[in-house]
Amino acid sequence: MNRIKISLTLNIIIAVLTVLGAVCMFTGFKFMTGPIMYEAHQMKMFKFFTVDSNLFMGLVALIFAIKQYRVLTKKDKKISKKMYILKLMATSGVALTFSVVFLYLSWIIDNGFYVMIMNSNLFFHLIIPVLSMITFMFFDGHSGINYKEALFGLTPMLIYGTYYIINILIHRENGKVSPIYDWYWFVQLGVWFLPIVLIIITLLTYILSLLLSKVNNKQSK
């Protein structure tokens, strides 16, 4: 019962931080000074997987917290497996955001590690993903998700990836795409590199989803 209370608290914190980060980026509010990377204001901010995955995470965390409250107040007996799969999907999304930022983007951008955690991205690139992964793995309770069901963790990436691929293909010129449209610099070596990137990202996402579910199952037992 103590674990579910901790999880409930963490999920509420994740939801609140998501709103705070979204308001900061939407309005352009800055609480840190320095160069700006991967920030866009108002509706333009939704072009980033970072924003989309974090908003999805915040919404799912809020729904999960409501479900937990209903269990604590004995209005429900337990949280359904479908809800755990939805939580895994959201957590896998922000885990991918965290991984791409710190394993890739931070290395190809000047002062990348510092730039990647400025202002709203402090929430979206670091705090929310880390809190979300810790919450799902150690406090949300036993999900019982197996390796086949872990494939659902690919869903946010595949949906966004479809949009990103279409965006790249319609803006290619002589096999090249401007960084204006390839803002993650995935195909700056050429559009021919796109299948390789897709395979790498897909494998990375599934590994993250599988690890999240495996640790959750092990720790919960």
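Start at 1 with the first residue, then count along the sequence.
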Under 3.5 Å, is there a donor-acceptor pair between the side chain of [X] and the main chain of [Y]?
| X | Y | answer |
| --- | --- | --- |
| Ser92 | Met89 | no |
| Asn217 | Gly144 | yes |
| Ser178 | Tyr181 | no |
| Asn146 | Lys148 | yes |
| Asn121 | Met116 | no |
| Asn11 | Ser7 | yes |
| Thr9 | Lys5 | yes |
| Asn119 | Met25 | no |

Derivation and outcome, side-chain contact (heavy atoms from CB on, under 4.5 Å), residues Leu88 and Ser143: CA-CA 9 Å; Leu88 175 64; Ser143 67; over 6 Å; no
Value rounded to 0.5 Å, distance of [atom1] in [X] from [atom2] in [Y]:
| X | Y | atom1 | atom2 | answer |
| --- | --- | --- | --- | --- |
| Leu105 | Trp185 | CG | CH2 | 8.5 Å |
| Ile6 | Ile134 | CD1 | CD1 | 12.0 Å |
| Leu17 | Leu131 | CG | CG | 6.5 Å |
| Ile128 | Leu20 | CD1 | CG | 8.5 Å |
| Leu59 | Ile14 | CG | CD1 | 12.5 Å |
| Thr91 | Leu86 | OG1 | CG | 9.0 Å |

Can you list the residues that meet the side-chain hydrogen bond (donor to acceptor under 3.5 Å, both in side chains) rule with [X], with sequence neighbours excluded?
| X | result |
| --- | --- |
| Asn54 | none |
| Asp182 | Tyr164, Gln188 |
| Thr50 | His125 |
| Thr205 | none |

For the student: nearest non-hydrogen atoms of [X] and [Y], plus distance:
| X | Y | value |
| --- | --- | --- |
| Val130 | Phe98 | CG2-CE1, 3.8 Å |
| Val71 | Lys77 | CG1-O, 4.0 Å |
| Ala95 | Met133 | CB-SD, 3.7 Å |
| Val94 | Ser53 | CG1-O, 3.6 Å |
| Phe124 | Gly21 | CZ-C, 3.4 Å |
| Ile196 | Trp192 | CD1-CZ3, 4.0 Å |

With the side chain counted from C-beta on, respond yes when [X] and [Y] share a heavy-atom pair under 4.5 Å apart, and no when they do not.
| X | Y | result |
| --- | --- | --- |
| Val23 | Phe29 | no |
| Gln68 | Ile79 | yes |
| Met83 | Val60 | yes |

side-chain contact (heavy atoms from CB on, under 4.5 Å) assessment of Ser99 paired with Leu208: CA-CA 9 Å; Ser99 300; Leu208 290 169; 3.6 Å; yes
Enclosure of Tyr147 OH (heavy-atom neighbours >12, cutoff 6.0 Å):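 Result for OH/Tyr147: open.
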Phe152 atom CZ, neighbour heavy-atom count above 12 within 6.0 Å: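 No, CZ of Phe152 has 12 or fewer neighbouring heavy atoms, counting only those of other groups under 6.0 Å.
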Salt bridge (charged side-chain N to carboxylate O under 4.0 Å, His left out) contacts in which one or both residues fall within residues 84-100, not counting sequence neighbours: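 Counting only pairs at least two positions apart or across chains, the salt bridge (charged side-chain N to carboxylate O under 4.0 Å, His left out) contacts touching residues 84-100 are Lys87-Asp140.
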Qualifying salt bridge (charged side-chain N to carboxylate O under 4.0 Å, His left out) pairs with a residue from residues 57-67, counting only residues at least two apart or across chains: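 For residues 57-67, and leaving out neighbouring residues, there are no salt bridge (charged side-chain N to carboxylate O under 4.0 Å, His left out) pairs at all.
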Check for me, please, whether [X] and [Y] land in the same ILVMFWY cluster - side-chain distances under 4.5 Å, paths through other members count.
| X | Y | value |
| --- | --- | --- |
| Phe193 | Tyr184 | yes |
| Leu211 | Ile145 | no |
| Phe46 | Phe48 | yes |
| Leu10 | Val19 | no |
| Phe102 | Trp107 | yes |

Residues which pass salt bridge (Lys or Arg N to Asp or Glu O under 4.0 Å) with Arg70, listed by chain and number, not counting sequence neighbours: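 Counting only residues at least two positions away or on another chain, Arg70 forms a salt bridge (Lys or Arg N to Asp or Glu O under 4.0 Å) with Asp76.
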Residues that Lys81 engages under salt bridge (Lys or Arg N to Asp or Glu O under 4.0 Å), provided they are two or more places apart: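 Checked Lys81 against salt bridge (Lys or Arg N to Asp or Glu O under 4.0 Å); matches are Glu149.
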Summary of side-chain hydrogen bond (donor to acceptor under 3.5 Å, both in side chains) pairs that have at least one residue in residues 153-162, sequence neighbours excluded: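 Output for this query lists Tyr160-Trp183.
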Any pair counted as side-chain hydrogen bond (donor to acceptor under 3.5 Å, both in side chains), so long as it reaches residues 126-137, sequence neighbours left out: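 Listed by first then second residue: nothing to list.
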Chi angles and distances behind the side-chain contact (heavy atoms from CB on, under 4.5 Å) call for Gln219, Phe139: CA-CA 9 Å; Gln219 291 297 322; Phe139 297 105; over 6 Å; no
Remaining members of the apolar cluster that contains Leu103, side-chain heavy atoms under 4.5 Å: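 Members besides Leu103: none; it forms no cluster.
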Residues Lys218, Lys214; criterion side-chain contact (heavy atoms from CB on, under 4.5 Å); working and verdict: CA-CA 6 Å; Lys218 183 177 180 180; Lys214 289 297 182 182; over 6 Å; no
Within residues 51-71 or reaching into it, pairs that qualify as ring pair (Phe, Tyr, Trp, His ring centres under 6.0 Å) - sequence neighbours excluded: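 Only Phe64-Tyr84 qualify under ring pair (Phe, Tyr, Trp, His ring centres under 6.0 Å).
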